[in-house]
Structure formats: C-alpha cells, structure tokens
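Down below is the structure, laid out as structure tokens.
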Amino acid sequence: MRVDKNDLLLYAVTDRQWLGEASLAEQLEEAIQAGVTVVQLREKALDFDAFVSLGKELQTVARRHRIPFIINDAVDVALALDADGVHVGQSDMQAGDVRSRIGEGKILGVSAHSVEEALAAERNGADYLGVGAIYGTATKPDANALSIQTVQQICRAVSIPVVGIGGIAEGNILDLKGSGVDGVAVVSAIFAQPDITAAVRRLRPLVEEVVQS
C-alpha cells in the first residue's frame, strides 16, 4: 500500500496523555467516524510487546474504516503488525534503510525541516513528508518552528505530498492557506478535546479550505 494524498488530509497522531474514561481505540473510532483520514500511532515509552498489543487494537479500528495505519519510528513494531507504513524523523533510521526493511509496498513518511532534508527524503524513498513544527508544540518541545515561507519552499521543491505538523489547531490552521500542503497532522487538536467528534467536524472543513487554497 502506497499513499494517496487524499488520505493525508486530516492526519491524527495519537497521544495517550489525554485518555479519560474512553480507551485510545474508542477515541480513534470516534475521530475516524467524524472525519480523520489517516492515523499514526506514536509511542515513545512502551516496550515492544505493549506497543504491538496497543497497535493491534488501533489497527483493527483503522482497517475497519479502511484508512492507513502508520507506526511512528518503531520499524520492528510496524513489521510485526504488518502496518500500512512507518513515519520516521531525521534523528531516527535513515529513510533509505527504512525503505529497505519495510519493502516497496508500504508507506514511508519522513519528517523534514528544510528543502535539503525534503529532497533527500524524496530521493531515499519517502512517500510523503511531515513538515514542521509549524508552531510550538508540547509533544516536541525542542522543535524549532518553521516559517510558512519555508513550508511553501518545501512544497514547491518536491513531487510527493506534504503534511504540515506541529502545534496546529483550529485557531491557527488557516495560516497555512496558500502554503501548498496536502494535509494537516494534529495531536491535541483532536485527542485533548472534550468532544472529539465536534473537534474533528470543525477541523475537517478548515483543512479542506487550506488544501484547496
């Protein structure tokens, strides 16, 4: 499975810190039904077995709705799950090495913060780019914010889809109009909200407005 840019429109990245009474799988179910188009399972603290176990729960939900299920960073977990793809950062495995491990049929996403990194990722087999952080974000406190101009330059430089990520929320998402991004990835704008369905239903038309601009 390789990615269709339409699948990247509203990209949900999980975070368990906001779990209440609902499980992460239940939160994801709600988010997908409301309009999320792809999900990335991001876990930095779980061991392999716990990561795979949680991944199976979320993968079942994603497959039921036929949306791509991506694993952040952990290639071994992605392979164990036969996930649809992997997303890696600049400090993780090299994109070319990841492509060699996952094969040609899987989705490979790579984080990029400059035109040079974006072009290198594309050369090394990336199917899409995650570009940011657009704004400051609690999930990546050490990430430097990128200007919208840099995002535009990256979008113009590559032929693969680009997803904006990092601190994007309902109140600032329209700043990305005209940037050229094909989608927006969010974490707290979905999973930290008291009403996930309402949050996604507000975000979805805003993302469509950005992408169509």
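Here, residue 1 is the first one in the sequence, and each next residue gets the next number.
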message: Could you walk me through whether Leu19 and Gln27 satisfy the side-chain contact (heavy atoms from CB on, under 4.5 Å) test, starting with their C-alpha distance in whole Å, then the side-chain angles of each, then the deciding distance to 0.1 Å, before giving a yes or no?
response: CA-CA 8 Å; Leu19 286 181; Gln27 285 189 332; 3.4 Å; yes

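- Within a 6.0 Å sphere centred on CD of Gln90, other residues, nucleotides and ligands contribute more than 12 heavy atoms.
- The salt bridge (Lys or Arg N to Asp or Glu O under 4.0 Å) search around Asp82 returns Lys106, not counting sequence neighbours.
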- request: Go through the steps to decide whether Ile148 and Ile134 satisfy the test side-chain contact (heavy atoms from CB on, under 4.5 Å), and finish with yes or no.
  value: CA-CA 7 Å; Ile148 300 299; Ile134 308 297; 4.1 Å; yes

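- Scanning for salt bridge (Lys or Arg N to Asp or Glu O under 4.0 Å) contacts around Glu43 gives Arg16, with sequence neighbours left out.
- With hydrogens and angles ignored, the 3.5 Å screen pairs a side-chain donor or acceptor of Thr14 with a backbone N or O of Arg42.
- Pairing each heavy atom of Val181 with each of Val211, the nearest pair is O-CG2, 3.8 Å.
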Considering only distance and modelled atom types, tabulate donor-acceptor pairs under 3.5 Å from the side chains of residues 151-160, sequence neighbours left out.
{"unit_1": "Gln152", "atom_1": "NE2", "unit_2": "Gly178", "atom_2": "O", "d": "3.4"}
{"unit_1": "Ser159", "atom_1": "OG", "unit_2": "Glu122", "atom_2": "OE2", "d": "2.5"}

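- The main-chain N or O of Ala12 is never found under 3.5 Å from a side-chain atom of Gln40 such that the two would form a donor-acceptor pair.
- With sequence neighbours excluded, the residues satisfying side-chain contact (heavy atoms from CB on, under 4.5 Å) with Asp49 are Asp47.
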query: Is there a side-chain contact (heavy atoms from CB on, under 4.5 Å) between Val98 and Arg101 once you walk through the steps?
result: CA-CA 5 Å; Val98 178; Arg101 288 194 64 191; 5.7 Å; no

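- Judged as a salt bridge (charged side-chain N to carboxylate O under 4.0 Å, His left out), the pairs with a partner in residues 18-33 (not counting sequence neighbours) are, in order, Glu29-Arg64.
- Salt-bridge annotation for Arg2 and Asp84: absent, with no side-chain N of the basic residue lying under 4.0 Å from a carboxylate O of the acidic one.
- Rounding to the nearest 0.5 Å places NZ of Lys5 at 5.0 Å from CG of Asp182.
- When all heavy atoms of Ala31 and Val200 are compared, the closest pair comes out as O-CG1, 3.8 Å.
- Between Thr37 and Asn6, every side-chain heavy-atom pair lies at or beyond the 4.5 Å cut-off.
- For the ring-ring contact (aromatic ring centres under 6.0 Å, His included) condition, the pairs that include at least one residue of residues 77-106, sequence neighbours left out, are His87-Tyr128.
- Evaluation of the side chain to side chain donor-acceptor pair (under 3.5 Å) rule for Asn124 yields no partner, not counting sequence neighbours.
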Show the atom names and distances, to 0.1 Å, of all donor-acceptor pairs under 3.5 Å that link a side chain in residues 162-169 to residues at least two apart or in another chain.
none

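- Between the side chain of Ser53 and the backbone N or O of Ala50 there is no donor-acceptor pair closer than 3.5 Å.
- Counting only residues at least two apart or on different chains, the salt bridge (charged side-chain N to carboxylate O under 4.0 Å, His left out) pairs with a member in residues 201-213 are Glu170-Arg202, Lys177-Glu209, Arg204-Glu208.
- With rounding to the nearest 0.5 angstrom, the CG atom of Leu41 is 9.5 Å from the CG atom of Leu28.
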Tabulate below the donor-acceptor pairs under 3.5 Å that side-chain atoms of residues 186-196 make, not counting sequence neighbours, or state none.
{"unit_1": "Gln193", "atom_1": "NE2", "unit_2": "Ser188", "atom_2": "O", "d": "2.8"}
{"unit_1": "Asp195", "atom_1": "OD1", "unit_2": "Thr197", "atom_2": "N", "d": "3.3"}
{"unit_1": "Asp195", "atom_1": "OD1", "unit_2": "Ala198", "atom_2": "N", "d": "3.0"}

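- Rounding to the nearest 0.5 angstrom, the gap separating the CD1 atom in Ile70 from the CD1 atom in Ile107 is 4.0 Å.
- Counting all heavy atoms, side chain and backbone alike, Ala118 lies closest to Leu129 at CB-CD1, 3.5 Å.
- Considering every non-hydrogen atom in both Gly85 and Ala78, the closest pair reads O-CB, 4.2 Å.
- Not counting sequence neighbours, Ser91 has no partner by the side-chain contact (heavy atoms from CB on, under 4.5 Å) test.
- Atom CG of Leu176 sits about 8.5 Å away from atom OG of Ser213, to the nearest 0.5 Å.
- No side-chain heavy atom of Val36 sits under 4.5 Å from any side-chain heavy atom of Leu203.
- We find the CD1-CZ distance between Ile67 and Arg63 to be 12.5 Å, quoted to the nearest 0.5 Å.
- Rounding to the nearest 0.5 angstrom, the gap separating the CG atom in Leu81 from the CG atom in Leu58 is 10.0 Å.
- Minimum heavy-atom separation, Val110 to Ala95: CG2-CB, 3.8 Å.
- The shortest non-hydrogen separation linking Ala185 to Val13 is CB-CG2, 4.3 Å.
- When the options Leu8, Leu9, Asp7 are evaluated for a side chain to side chain contact (heavy atoms under 4.5 Å, CB included) with Tyr11, the one that passes is Leu8.
- When the side chain to side chain donor-acceptor pair (under 3.5 Å) test is applied to Asp76, no partner is found at least two apart in sequence or on another chain.
- Here Lys44 pairs with Asp73 in a salt bridge; the nearest charged N to carboxylate O distance falls below 4.0 Å.
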